K.L.:
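Handing you this structure, nothing more for now.
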Amino acid sequence: MSCSSGSSRPESTGRHEQGGRPVTLRIALFALALAAPTVAGAQVVNDFPTEARADYVFGCMKSNGETQEVLSRCSCSIDVIATIIPYRRYEEASTFISMGLVTGEKGVLFRTSEESRAAIGDLRRAQAEAEIRCF
């Protein structure tokens, strides 16, 4: 070990505090603790299951053409939608739309209720934003 200052103290690999842990380790643990909520928050935003994403992309491609470019645009579209509305809301809106196709009295509730209009409106706004960004 060489000391250029002429001191007899050995070189330190890091400053130590009262607990004997290096300061750099404490900083790293602190940074990890700060990052944990961000990672958990990212999971909430990205809560769409792969199967739901694939189903959307398949339907989108059937409507817009089955090319590599359309695959890319449709994948972009569901990614944008997933950042705007949570999966639960997407699922509600999709159910209201599907059940609203039922004819007669059975389908009226799914077409006319305030909740169905709100959910479908949220999905339509997300789809419009996705179209602007991706198509």
Side-chain angles (χ1 to χ4, degrees):
M1 180 170 15
S2 101
C3 287
S4 59
S5 65
S7 169
S8 61
R9 274 188 337 183
E11 289 182 18
S12 175
T13 57
R15 247 183 26 194
H16 291 282
E17 289 187 353
Q18 189 173 353
R21 289 189 175 154
V23 173
T24 53
L25 177 60
R26 291 185 60 137
I27 291 171
L29 290 174
F30 180 71
L32 183 61
L34 288 177
T38 304
V39 171
Q43 291 173 344
V44 172
V45 171
N46 189 13
D47 65 345
F48 278 55
T50 302
E51 184 177 342
R53 288 176 184 263
D55 185 54
Y56 180 90
V57 170
F58 287 142
C60 177
M61 289 180 71
K62 284 290 182 192
S63 298
N64 296 295
E66 297 177 0
T67 66
Q68 186 66 35
E69 180 182 353
V70 171
L71 171 64
S72 178
R73 291 177 187 270
C74 290
S75 297
C76 170
S77 180
I78 190 61
D79 289 344
V80 170
I81 291 169
T83 64
I84 296 173
I85 61 173
Y87 178 68
R88 183 176 186 143
R89 191 64 165 176
Y90 173 84
E91 191 175 37
E92 287 172 357
S94 297
T95 301
F96 283 130
I97 290 169
S98 176
M99 295 304 293
L101 297 175
V102 174
T103 59
E105 288 181 35
K106 294 180 182 178
V108 167
L109 177 66
F110 298 102
R111 290 188 297 271
T112 61
S113 73
E114 188 62 37
E115 180 60 25
S116 70
R117 288 183 185 162
I120 293 169
D122 290 346
L123 176 59
R124 296 288 186 235
R125 282 186 289 283
Q127 287 174 325
E129 179 65 25
E131 188 167 332
I132 290 168
R133 291 191 203 176
C134 303
F135 283 89

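Owing to the predicted nature of the structure, the values given are computational and were not obtained by experimental measurement. No hydrogens, no waters, no symmetry mates; every other heavy atom, side chains included, goes into these values.
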K.L.:
Backbone N or O of G59 within a donor-acceptor pair of the S63 side chain at under 3.5 Å?
P.N.:
yes
K.L.:
Nearest heavy-atom pair of R133 and T83: which atoms, and what distance?
P.N.:
NH1-OG1, 4.5 Å
K.L.:
If you define the side chain from C-beta out and look only at heavy atoms, does anything of V80 sit under 4.5 Å from Q127?
P.N.:
no
K.L.:
Within a 6.0 Å radius of atom CZ on F135, are there more than 12 heavy atoms belonging to other residues, nucleotides or ligands?
P.N.:
yes
K.L.:
As an exercise, state the distance from CD of E69 to SG of C74, rounded to the nearest 0.5 Å.
P.N.:
10.0 Å
K.L.:
Is there side-chain contact between R89 and L123, with at least one heavy-atom pair below 4.5 Å?
P.N.:
no
K.L.:
If you round to the nearest 0.5 Å, how far is SG of C60 from CD of E66?
P.N.:
11.0 Å
K.L.:
Once you measure the plane-to-plane angle for Y87 and F48, does it fall in the parallel (<30°), tilted (30-60°) or perpendicular (>60°) bin?
P.N.:
perpendicular
K.L.:
So for atom CD, which belongs to E115, do other residues, nucleotides or ligands contribute more than 12 heavy atoms lying within a distance under 6.0 Å?
P.N.:
yes
K.L.:
If we only count heavy atoms from C-beta on, is the R53 to D79 side-chain gap below 4.5 Å?
P.N.:
yes
K.L.:
For the CD1 atom of I85 and the CG atom of D47, what is their distance to the nearest 0.5 Å?
P.N.:
9.5 Å
K.L.:
Could you tell me whether R125 and E129 have a side-chain N and a carboxylate O separated by less than 4.0 Å?
P.N.:
no
K.L.:
Run the numbers on V102 and F110 for side chain to side chain contact (heavy atoms under 4.5 Å, CB included), then give the verdict.
P.N.:
CA-CA 9 Å; V102 174; F110 298 102; over 6 Å; no
K.L.:
Examine I120 and M99 and state if one hydrophobic cluster contains both, with Ile, Leu, Val, Met, Phe, Trp and Tyr joined whenever side-chain heavy atoms are less than 4.5 Å apart.
P.N.:
yes
K.L.:
Salt-bridge test for E105 and R111: reply yes if a basic N is under 4.0 Å from a carboxylate O, no otherwise.
P.N.:
no
K.L.:
Closer than 3.5 angstrom, by distance alone: can the side chain of S77 be matched with the main-chain N or O of A130 as a donor-acceptor pair?
P.N.:
no
K.L.:
Once rounded to the nearest 0.5 Å, what's the spacing between atom CD of E131 and atom CZ of R73?
P.N.:
10.5 Å
K.L.:
Assess whether a salt bridge exists between E91 and R88, defined as any Lys/Arg side-chain N lying under 4.0 Å from an Asp/Glu carboxylate O.
P.N.:
no
K.L.:
Verify, without hydrogens or angle tests, whether T112 (side chain) and V108 (backbone) share a donor-acceptor contact under 3.5 angstrom.
P.N.:
yes
K.L.:
Could you state the interatomic distance from CZ (F96) to CG (L101), rounded to the nearest 0.5 Å?
P.N.:
13.5 Å
K.L.:
State the CG-OG1 distance between D55 and T50, to the nearest 0.5 angstrom.
P.N.:
12.5 Å
